[in-house]
2 protein chains.
Amino acid sequence: MGISKTEFFTEDQNRLAALAKAIAHPARVAILQFLAKSGACFCGDIVEVLPLSQSTVSQHLKALKEVGLIKGSIEKTSTCYCVDPETLEEARLMLGKFFNKMNCC
Amino acid sequence: MGISKTEFFTEDQNRLAALAKAIAHPARVAILQFLAKSGACFCGDIVEVLPLSQSTVSQHLKALKEVGLIKGSIEKTSTCYCVDPETLEEARLMLGKFFNKMNCC
DNA sequence: ATACTTTATCGCAATATTACGATAATGTTT
DNA sequence: AAACATTATCGTAATATTGCGATAAAGTAT
């Protein structure tokens, strides 16, 4: 995206933007929904459900993991992913606060 | 972003992603906050406050307007922007529903 | 009409995202 | 050890985003 001037903005603004960016793609929305519905699952389970290749799904999982919305635990031969309730709550609070402050106009 | 497979996903998933993408950049977060705080303002007012050029701010405003989060009315020689409460409510509801369904794990 | 003010758009360059196949990495099973 | 299964990473191509300067567009004021 070009030279994003993140250093000028506040920590909150950057964090909110990062959390929003994590769900700013329908595939990641779908992955989160599937993860929540199934409780926890493997990369392969998601590949079966979505029209994306294994490497693409893995990259989306990485993006979600980096922002903290999901976490993965190594289990047997594969990695088991599940939603991270703490970051989820953080996102819910930040977005809630953000939208509450929009109450004017 | 490459060939995004939006046609596969549901309308809701795409809409949620689009709304999230609108606030997925700190500059747009800052613009929305400034707009809400000031009630309504001109492009020039935002340019004074942010470390971005006039054309860049105008582009961010366009992105916010396209997703419906803000609306602009022509006033005198300039355009007056303000938050659109309806789309804001839509975003709040969609995100709220999304996060509520994440309550498991 | 001309100059001025303000916003929108164009064109460009730099960087990021998305997606995939191929391959590496890691552990399991035979 | 060899074959297998699963996920992560690399390399690459196509496209999108971000940002800016320059310019167009449109209205106001002199």
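All of these numbers come straight from a predicted model, not from anything done at the bench. Per chain, numbering begins at 1; letters A, B, ... match sequence-line order.
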**Complete:** Atom CG of B:L61 and atom P of C:dT9 are separated, to the nearest Å, by 11 Å

**Asked** For the pair made of CD in A:E66 and P in C:dT18, what is the distance, rounded to whole Å?
**Response** 12 Å

**Prompt:** Using a cut-off of 4.0 Å between protein heavy atoms and nucleotide atoms, how would you tag nucleotides 20-30 of chain C 5' to 3' with B, S and -?
**Reply:** BBB----S---

**Message:** Strictly below 4.0 Å: does A:H60 bring a side-chain N or O up to OP1 or OP2 of C:dT17?
**Reply:** no

**Message:** Within this structure, what is the CD1-CD1 distance for the pair B:I70 and B:I31, rounded to the nearest 0.5 Å?
**Reply:** 7.5 Å

Which pairs would a plain distance check flag for residues 38-52 of chain B, meaning a side-chain donor or acceptor within less than 3.5 Å of a matching protein atom at least two apart in sequence or in another chain?
from: B:S38; atom 1: OG; to: B:F34; atom 2: O; distance (Å): 2.8
from: B:D45; atom 1: OD2; to: B:F42; atom 2: N; distance (Å): 3.0

**Request:** Name the residue closer to the 5' end of DNA chain D, choosing between A:C41 and A:T6 according to the nucleotide with the nearest heavy atom.
**Result:** A:C41

**Request:** Name all residues meeting the side-chain hydrogen bond (donor to acceptor under 3.5 Å, both in side chains) criterion together with A:S55; count only those two or more places apart in sequence or in a different chain, and write none if there are none.
**Result:** A:S53

**Item:** Donor-acceptor under 3.5 Å (A:N14 side chain, A:T6 main chain)
**Value:** yes

**Prompt:** Does A:K21 have a side-chain nitrogen or oxygen under 4.0 Å from the phosphate oxygens OP1 or OP2 of C:dT17?
**Reply:** yes

**Message:** Check the phosphate of C:dT6 against B:T79, side-chain N and O only, distance under 4.0 Å to OP1 or OP2. Yes or no?
**Reply:** no

**Rounded interatomic separation in angstrom, taking CD1 from B:I46 and P from C:dT6** = 14 Å

**Prompt:** 5'-most contact on DNA chain C: A:A27 or B:D45, nearest heavy atom basis?
**Reply:** B:D45

**Item:** Qualifying salt bridge (charged side-chain N to carboxylate O under 4.0 Å, His left out) pairs, either residue in residues 9-20 of chain A, two or more places apart
**Value:** A:R15-A:E90

**Prompt:** Would one find more than 12 heavy atoms of other residues, nucleotides or ligands at under 6.0 Å from atom CD of A:E86?
**Reply:** no

**Complete:** d(B:L16 CG, B:T10 OG1) to nearest 0.5 Å is 9.0 Å

**Message:** Tell me whether the side-chain N/O atoms of B:Y81 come closer than 4.0 Å to OP1 or OP2 in C:dA8.
**Reply:** yes

**Prompt:** Taking atom P of C:dT7 as reference, at what distance in whole Å does atom CG of B:L64 sit?
**Reply:** 16 Å

**Prompt:** Considering residues at least two apart in sequence or located in another chain, which fulfil the salt bridge (charged side-chain N to carboxylate O under 4.0 Å, His left out) criterion with A:R28?
**Reply:** none

**Asked** Can you say whether the rings of A:H25 and B:F9 are parallel (under 30°), tilted (30 to 60°) or perpendicular (over 60°)?
**Response** perpendicular

**Asked** Heavy atom of residues 9-18 of chain A under 4.0 Å from DNA chain C: which residues?
**Response** none

**Item:** Between P of C:dA19 and NZ of A:K62, the distance in whole Å
**Value:** 16 Å

**Fill in**
Separation of D:dT18 atom P from B:L50 atom CG, nearest Å, is 14 Å

